[in-house]
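To keep things clear, I will list the structure first and then write my remarks on it.
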Amino acid sequence: MALVVAVVSFLLGAAMSAFAAALFVRRSAVRSGSAPAAPAAPGTSLASRALGALDVGVVVLDRDETAIFANPVARRMRVVEADRLTLPVLSELVRSVTDSGRPDSVTLDLTAPGRGPEHVSFLVRAMPLRDGGRVGSVVLRFSDITEARRLELVRRDFVANVSHELKTPVSALTLLAEAVQEAADDPEAVQRFAGRMQREGSRLGRLVQELIELSRVQGAEALPGQALVSVDQVVGEAVDRSRLLAEQTGITVVERTEPGLQVRGNETQLSTALGNLVDNAIAYSPEHTRVSVTSRLVTDADGADWVEIAVADQGIGIADTDLDRVFERFYRVDQARSRATGGTGLGLAIVKHIATNHGGSVSVWSVVGSGSTFTMRLPLAGRAPLADRAPLADRAPLAGRAPLAGRAPASVAGSAPAAADTAAG
């Protein structure tokens, strides 16, 4: 990144120098009468092409604030019309630099053409070009800082959330330690407080671990060309990981996979994502209910093949107002239940980023009081040879599940996915 910035800066500096030199030669020739004003100096064409190739807006203005050059990016921004600046703030910036002879900058918010009401932020840097002993021209450079601003807001929001989430268990541990100290002569109270300290310590440990995992997958690049991953193996690992938790609450976890499906990516990350979905399904389900994990092959309208891995439960469900936010960091539908189960509010955010990094997506269908179905959709990479496939009968059967050959097409919006029917069985 530093090398790219250096190269762009070098090109911009070289182009500006060539442009300034050509402009100076041209003006000197005009003033001395040794050459007509119309022909451009030989370097002007090359400098103009160099500036026009940049992905930043560049405008050159003379002392009268007349635009003598504007590259295509600047013209698309509509900051120049009829060789005049269209925004008063830019005119003030040019006058200030012309009078002081020193570079200056402002931040500008513009409405981007074709992007609706969305605003784009630019850092406008004004640089003087001297003509003899005075400023003869001013160069405006427009750098898009929209993404940098967005990332800064996300960073600040993330730091604020993390600070709050870390403060809660740390404060609880501090209070519990004081309580243990005061109850030193009461073994029963010490034991009770120690148990609560252990739970808060475990919660803090899970939060730190999930923060590390989120930082690893958030913003990571997609994973093309990775190893083939067996969907059967991913499902099996996720279900095995959750069996102890399920047994403690009397919840039955069943799985049914379409044999031989393969995706490309990182098996550990995919197992983590699916494990988070299964753990959530168990945590938000009543005792003695069923959680199902299924996989199947689907084909979209464009003919592309996808693997859908669905986790369905018979839990409390999610209200429509919360559906769009469940994948946000630290967002919890049920704060009380989350505290009781030790949830961190990061599990679904991790799932979302892992699915995205693998070229896929994750979606949710839910009805309050009936349960939820979370579905990861990943690009199909291939099928394992028949000899390497685990027989379907080896998997735990799901009551009421139609055979693979007789399954209905993928559900549309407003109807329950097939996995939800399975969970209800």
Side-chain angles (χ1 to χ4, degrees), residues 1-24 26-27 37-98 102-129 131 135-154 219 221-222:
M1 183 64 185
L3 179 60
V4 173
V5 172
V7 170
V8 171
S9 299
F10 172 77
L11 288 174
L12 185 59
M16 288 301 174
S17 298
F19 196 93
L23 188 62
F24 177 74
R26 181 178 175 184
R27 285 183 172 173
T44 304
S45 178
L46 176 61
S48 298
R49 290 201 304 271
L51 292 173
L54 296 176
D55 59 357
V56 297
V58 178
V59 178
V60 182
L61 303 109
D62 61 17
R63 289 186 62 87
D64 298 326
E65 298 178 28
T66 300
I68 56 180
F69 175 84
N71 71 349
V73 175
R75 294 203 177 273
R76 285 196 299 270
M77 293 165 54
R78 300 176 184 171
V79 294
V80 174
E81 288 184 5
D83 296 332
R84 306 297 295 184
L85 293 173
T86 58
L87 301 174
V89 64
L90 295 179
S91 299
E92 293 175 8
L93 177 64
V94 171
R95 284 193 288 271
S96 172
V97 171
T98 301
R102 293 190 299 270
D104 200 356
S105 61
V106 296
T107 300
L108 191 64
D109 291 325
L110 299 175
T111 301
R115 295 173 69 170
E118 181 182 352
H119 283 76
V120 181
S121 298
F122 291 93
L123 176 64
V124 185
R125 180 76 171 169
M127 297 166 287
L129 296 178
D131 183 359
V135 175
S137 308
V138 174
V139 179
L140 299 181
R141 182 182 64 192
F142 298 78
S143 302
D144 190 340
I145 59 171
T146 308
E147 185 65 12
R149 271 191 165 185
R150 187 190 69 80
L151 291 175
E152 176 62 18
L153 290 174
V154 170
E221 305 226 350

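FYI, the numbering just counts along the sequence from 1. Basis for what follows: all heavy atoms, side chains included, without hydrogens, waters or symmetry-related copies.
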Is any side-chain heavy atom of [Y] closer than 4.5 Å to one of [X]?
X: Val89; Y: Val124; value: no
X: Arg75; Y: Val80; value: yes
X: Val58; Y: Val139; value: yes
X: Leu90; Y: Val59; value: no
X: Glu92; Y: Val106; value: no
X: Asp104; Y: Leu93; value: yes

*Could you pull out all residues at least two apart from Arg84 that satisfy side-chain hydrogen bond (donor to acceptor under 3.5 Å, both in side chains)?*
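side-chain hydrogen bond (donor to acceptor under 3.5 Å, both in side chains) check on Arg84 returns Thr66.
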Between [X] and [Y] (side chain of the first, backbone of the second, donor and acceptor by atom type, cut-off under 3.5 Å), is there such a pair?
X: Ser91; Y: Leu85; value: no
X: Asp144; Y: Gly57; value: no
X: Ser121; Y: Asp109; value: no
X: Arg63; Y: Val135; value: yes

_Straight-line distance of Phe69 CZ to Leu61 CG, nearest 0.5 Å_ =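 That separation rounds to 11.5 Å.
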*Calculate, to the nearest 0.5 Å, the distance between atoms CG and CE belonging to Asn71 and Met77 respectively.*
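If I round to the nearest 0.5 Å, the distance is 9.0 Å.
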_Set of salt bridge (charged side-chain N to carboxylate O under 4.0 Å, His left out) partners for Glu65, sequence neighbours left out_ =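 Glu65: salt bridge (charged side-chain N to carboxylate O under 4.0 Å, His left out) contacts with Arg95.
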*Closest approach of Ala74 and Val79, non-hydrogen atoms and distance?*
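Taking every non-hydrogen atom into account, O-CG2, 3.6 Å.
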_Distance-only donor-acceptor check, side chains Asp62 and Ser137, under 3.5 Å_ =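 No pair is found: no donor N or O on one side chain lies under 3.5 Å from an acceptor on the other.
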